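Since the structure comes first, as structure tokens, the remarks are kept for the end.
No hydrogens, no waters, no symmetry mates; every other heavy atom, side chains included, goes into these values. Chain naming here is simple, since letters A, B, ... match the order of the sequence lines and numbering starts at 1 in each. Since we're looking at a predicted model, the values are computed, not measured.
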Amino acid sequence: MSESSNFLAEQIQADLEQGTYGGRVVTRFPPEPNGFLHIGHAKAIVVDFGLAQRFGGRCHLRFDDTNPVGEDTLYVESIQRDVRWLGYEWGEHLYYASDYFPKLFAFAERLIREGRAYVCSLSLDQIRETRGTVTEPGTPSPDRDRPVQDSLRLLREMREGKHAEGAYTVRAKIDMAHPNMKMRDPLMYRIRHAHHHRTGDSWHIYPMYDFAHGLSDAIEGITHSFCTLEFENNRALYDWFVEAIFEPPVPHQYEMARLNLSYVVLSKRKLITLVREGHVWGWDDPRMPTLAGLRRRGVPPEAVVAFVEQVGVSRADSLVDVALLDHTVRDYLNTRAPRRMGVLDPLPVTLTNIPEGEGRRIELDEWPHDIPRQGSRAVPLTRHLVIEREDFAVDPPKGFKRLTPGGRVRLRGAGLFTCEEVLTDQAGQITGLRGRLDPEGAPGPKVAGTIHWSSATAGVEARVLLVDRLFTLERPDDHPDGALAVLNPDSLVERRAVIEPALAQAPAGTRVQLERLGYFIVDEAAQSDQPPTLIRIVPLKDSWAAKASPAEPAPPPAKKDPGRKRVRKSASEALQELIEVRPEIADRLDRLEADGLSEEDAAVIGTDDGLFELYAQAVAQGADQVAVVNWIVNDLRAVTKERPLETLSLTGAALAELIALVTQGEITTAVARKVFARVIEGEGSPIQIVDRQGLRPIRDPARIEAWAAEVVQANPDKVQAYRQGRTNLRGFFVGQVMRASRGKADPAMVNRVLDRLLAG
RNA sequence: UGGGCAGUAGUUCAAUGGCAGAACACCGGUUUUUGGUACCGGGGGUUGUAGGUUCGAAUCCUACCUGCCCAGCCA
């Protein structure tokens, strides 16, 4: 990925700076070979390979083939093709999770020997029942304490195929009451008498994802393991297995939001349905969001990569507008697809001043004036032409710049055509136009429009496929009747077009712009003995269509389930229950409220032994109660979220000392925060730290004045804006002065000085 | 509902306690032998809500609201 800032790149950067992995960056792309890759996978590929590339690391391609059913070498080939198509190379780092089966088996034996795993004989249903629910703990398996030797023996028997599917599983012994359901003795192995596409019939047990994945990462020396948000809960397990077997530094998992695209479905199941029910030709149908489909449609891989890079990476669920993909495709193709002409909906035109059978070849540039590339092709100009039916209007709307009866228009590269006669049939349908072609600059009205055309006699018939979105709803899955209910009936429209001869001879895979129509690719199905097929990759932007036809009505709002009712224990109820168990808490609360704390603050401090003790100590040293509470509630708790209080070097005395420093004006609040951060790391008492670091505030009016004057002088435009009312620039000025003083200036004084200087 | 995660412009993302920005989308204009491209400009924001800490909060703390994930022997 290029230089975009995102939390994954920052993580790698931080690990590089801290030397976590000795400067190594190794990522992996781990598809399961049981389906085709789609544009959602493209995001993963660009992140996995791109980030490794950007930081001078490498990315492994590893097939996560831990479940033989549905997996096939067909998919491993198509996946490799797709990754290469996007422009990424894994070199010698092609791996299969199945290559690690022997190692994983040994790991399982080790965990059993260490009493951290066991063979369980519960049935599928029993396992489900004993797992509990999200609100109730599970119950331990009766086999949880099966003797190690028994488990070991059973494990070997399972491997050798001596037991039926479902008879036994291997489970990690973690915690059946864990609030994270993934940690309730998860399965490591299940029995499957199935043929594996690589290991054949040599195994009768296959490892589960959670057991295999992190350990496979660790085996390969992966440093950063990126996956999607739905694996967040699995991270605890990932760490459990990896840390049980490997010594640090171990790989870490980071989750990002998966890619969602408007008017598209990306779930494997729904894509299969589209194929199986015949809504599309197959996996490479140009309407499909599969990489095979995008390739067939002609979308350049570079545009897909650019698209993913522009979407960015974050942890927020989101829905990306397909218009962004269209944009990156056009942006890439504009300077790379030579121009050609073709008419999709032909209307015959006779040039009355060119004799029958007489024609000439005109040489037209392949590139418009603003693209600095050379090249031209010959285009036949004959008496009989075709133009686009919609480029002629008997009754033109306002602003119409094309042909009208008696009107004049430029035929691209050929001259100025004047429509002198409109031919119609019995039904009044327009069947053709007649008129004269004049050279450029001929007398007559100036023309506003230029239209494309093709020779009716020397042009070549072609089959053209116009591809549109597959669904009519932005979020097809949100439709109450399912995505199939909003299939777009016009997602694929076939036209008989007339194209210029130069295009008819282009080899399959050639991408061109048909002027005014869009970018097209010569389809691979094109054969010499039949009309060639062109697929439209993407239409040109059309600012006229938007103006000519009214905006489409907003899609119907997605139906939502009525909100579940929240039944939550109120804070005070919970507090009451706690007091019943621990009556001393009531006394504490009384004392705290007597000290003048709010009920909320009192509850926070009174219910936590450590915090209460800290508070009591600090107050005993004479510190102001409110200040103590603010430090504990606002600053300390930010830290104790991550690290327990006991691990911090913070005493009530130190806190009191810090507060005294602030109230006596020895240090500023901002500095006090820095000091606080050092105190909890055990770097000494506040006074020691302040003295050692020279953190006392600068109150010398002359120095502050000098800094302030400098800032004011350096930003005359901002000073003016401030004086004109943009008072939110105050933060900017204060910030600049604070920065100049490296955070040591007394902000109150800075504000006073600035007040004077900015008053004008 | 127990746990986890997330809310910044119409959309996708930046801003790492100090001026709320970019791209796409939308709307104008200039250029143009593509109603394309390029260039210029514009509208758009109570940073989910309410409190608190701070000289100063999108950013730190709290509560609430909304959405997503977890009860496969799938990955």
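Side chains of A:Glu255 and A:Gln253: a donor-acceptor N/O pair is present below 3.5 angstrom, by distance only. Between A:His213 and A:Arg28, the side chains place a donor N or O and an acceptor N or O closer than 3.5 Å (distance only, hydrogens not considered).
Residue A:Glu232 contributes atom CD, which lies 10 Å from atom C1' of B:rC70 at whole-angstrom precision. As rounded to whole Å, 13 Å separates atom C1' of B:rC61 from atom CG of A:Leu611. Between the CG atom of A:Asn233 and the P atom of B:rC68 there is a distance of 15 Å, given to the nearest Å. Rounded to an integer number of Å, the gap from A:Glu599 CD to B:rU62 P is 18 Å. Nucleotide B:rA57 holds its P atom 13 Å from the CZ atom of A:Arg730, rounded to whole Å. The separation between A:Leu325 atom CG and B:rA23 atom C1' is 15 Å, rounded to whole Å. Nucleotide B:rU59 holds its P atom 12 Å from the NZ atom of A:Lys641, rounded to whole Å.
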5' to 3', nucleotides 9-14 of chain B under a 4.0 Å protein heavy-atom cut-off (B base, S sugar-phosphate only, - none) gives --SSSS
Once base and sugar-phosphate atoms are separated, protein heavy atoms under 4.0 Å mark nucleotides 34-53 of chain B, 5' to 3', with B, S and - as BBBB--------------BS
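Remark: A:Glu642 CD is loosely packed, at most 12 non-hydrogen atoms of other residues, nucleotides or ligands lying under 6.0 Å away.
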Practice task
For the pair A:Ser598 and A:Glu600, evaluate side chain to side chain donor-acceptor pair (under 3.5 Å) and give the outcome as yes or no after the intermediate values.
Solution key: CA-CA 5 Å; A:Ser598 72; A:Glu600 191 182 312; 5.7 Å; no
**Q.** Evaluation steps, side chain to side chain donor-acceptor pair (under 3.5 Å), between A:Asp217 and A:Tyr238
**A.** CA-CA 10 Å; A:Asp217 282 350; A:Tyr238 181 105; 2.6 Å; yes
Would you check, one step at a time, whether the test side chain to side chain donor-acceptor pair (under 3.5 Å) holds for A:Tyr722 with A:Arg730? CA-CA 8 Å; A:Tyr722 180 86; A:Arg730 159 61 60 108; 3.2 Å; yes
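The pair A:Arg171-A:Asp143 does not meet the salt-bridge criterion, since no charged nitrogen lies less than 4.0 angstrom from a carboxylate oxygen. Here A:Arg752 does not pair with A:Asp755 in a salt bridge; the nearest charged N to carboxylate O distance is not below 4.0 Å.
Applying the 90° criterion around 0 to the glycosidic angle, B:rG72 comes out syn.
Considering CZ of A:Arg315 and CG of A:Asn6, their distance stands at 12.5 Å, rounded to 0.5 Å. Separation of atoms CZ (A:Arg339) and CD1 (A:Ile371) is listed at 4.0 Å; rounding is to 0.5 Å.
Between A:His41 and A:Phe29, the ring planes are perpendicular. Angles over 60° get that label, and only those under 30° would be called parallel.
Centroid-to-centroid, the aromatic rings of A:Phe36 and A:Tyr75 come within less than 6.0 Å.
The separation of B:rG44 from B:rA20, taken at their C1' atoms, amounts to 14 Å, rounded to a whole angstrom. B:rG48 and B:rA6 have their P atoms separated by 13 Å, with the value rounded to a whole Å. Comparing the P positions of B:rC61 and B:rC24 gives an interatomic distance of 35 Å, to the nearest angstrom. Separation of the P atoms belonging to B:rU8 and B:rU33 is 45 Å when rounded to the nearest angstrom. A gap of 50 Å separates the P atoms of B:rC55 and B:rA38, to the nearest Å. B:rU49 and B:rG43 have their C1' atoms separated by 27 Å, with the value rounded to a whole Å. B:rG3 and B:rG21 are spaced 36 Å apart, taking the C1' atom of each and rounding to whole Å. One C1' atom belongs to B:rG10, the other to B:rU47, and the distance between them is 16 Å to the nearest Å.
Taking all atoms of both residues into account, the shortest heavy-atom contact from A:Ser741 to A:Ala745 is OG-N, 3.0 Å.
When the salt bridge (Lys or Arg N to Asp or Glu O under 4.0 Å) test is applied to A:Arg408, the partners found at least two apart in sequence or on another chain are A:Asp438.
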Under the rule of Watson-Crick or G-U wobble with both distances under 3.5 Å, where | means paired to another strand and [ ] a crossing pair, RNA chain B maps to .((((((..((((....[..)))).(((((.......))))).....(((((..]....))))))))))).....
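Residues A:Phe211 and A:Val170 form no side-chain contact, since every pair of their non-hydrogen atoms from C-beta on lies 4.5 Å or further apart. Considering only heavy atoms from C-beta on, A:Trp544 comes within 4.5 Å of A:Phe400 through its side chain.
Each of A:Val734 and A:Ala414 was assigned the nucleotide of RNA chain B with the nearest heavy atom; the assignment lying further toward the 5' end belongs to A:Val734.
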Between the protein and nucleotides 71-75 of chain B, list every N/O to N/O distance that falls short of 3.5 Å.
{"residue": "B:rC73", "atom": "OP1", "partner": "A:Arg131", "partner atom": "NH2", "Å": "3.2"}
{"residue": "B:rC73", "atom": "OP2", "partner": "A:Arg131", "partner atom": "NH1", "Å": "3.2"}
{"residue": "B:rC73", "atom": "OP2", "partner": "A:Arg131", "partner atom": "NH2", "Å": "3.2"}
{"residue": "B:rC73", "atom": "N4", "partner": "A:Leu122", "partner atom": "O", "Å": "3.3"}
{"residue": "B:rC73", "atom": "N4", "partner": "A:Leu124", "partner atom": "N", "Å": "3.1"}
{"residue": "B:rC73", "atom": "N4", "partner": "A:Gly166", "partner atom": "O", "Å": "3.1"}
{"residue": "B:rC74", "atom": "OP1", "partner": "A:Arg192", "partner atom": "NH2", "Å": "2.9"}
{"residue": "B:rC74", "atom": "OP2", "partner": "A:Arg190", "partner atom": "NE", "Å": "3.0"}
{"residue": "B:rC74", "atom": "OP2", "partner": "A:Arg190", "partner atom": "NH2", "Å": "2.8"}
{"residue": "B:rC74", "atom": "OP2", "partner": "A:Arg192", "partner atom": "NH2", "Å": "2.9"}
{"residue": "B:rC74", "atom": "O3'", "partner": "A:Asn67", "partner atom": "ND2", "Å": "3.4"}
{"residue": "B:rC74", "atom": "O3'", "partner": "A:Arg190", "partner atom": "NH2", "Å": "3.1"}
{"residue": "B:rC74", "atom": "O2'", "partner": "A:Asn67", "partner atom": "ND2", "Å": "3.4"}
{"residue": "B:rA75", "atom": "OP1", "partner": "A:Thr66", "partner atom": "OG1", "Å": "2.8"}
{"residue": "B:rA75", "atom": "OP1", "partner": "A:Arg190", "partner atom": "NH2", "Å": "2.9"}
{"residue": "B:rA75", "atom": "OP2", "partner": "A:Tyr209", "partner atom": "N", "Å": "3.1"}
{"residue": "B:rA75", "atom": "O3'", "partner": "A:Asp64", "partner atom": "OD2", "Å": "3.3"}

Look for any protein N or O under 3.5 Å of an N or O in nucleotides 19-21 of chain B and output each such pair with its distance, or none.
{"residue": "B:rC19", "atom": "N3", "partner": "A:Lys718", "partner atom": "NZ", "Å": "2.7"}
{"residue": "B:rC19", "atom": "N4", "partner": "A:Lys718", "partner atom": "NZ", "Å": "3.0"}
{"residue": "B:rA20", "atom": "OP1", "partner": "A:Asn728", "partner atom": "ND2", "Å": "2.1"}

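Partner A:Glu388 forms a side-chain contact (heavy atoms from CB on, under 4.5 Å) with one of A:Leu517, A:Ile451, A:Leu403 and no other, that one being A:Leu517.
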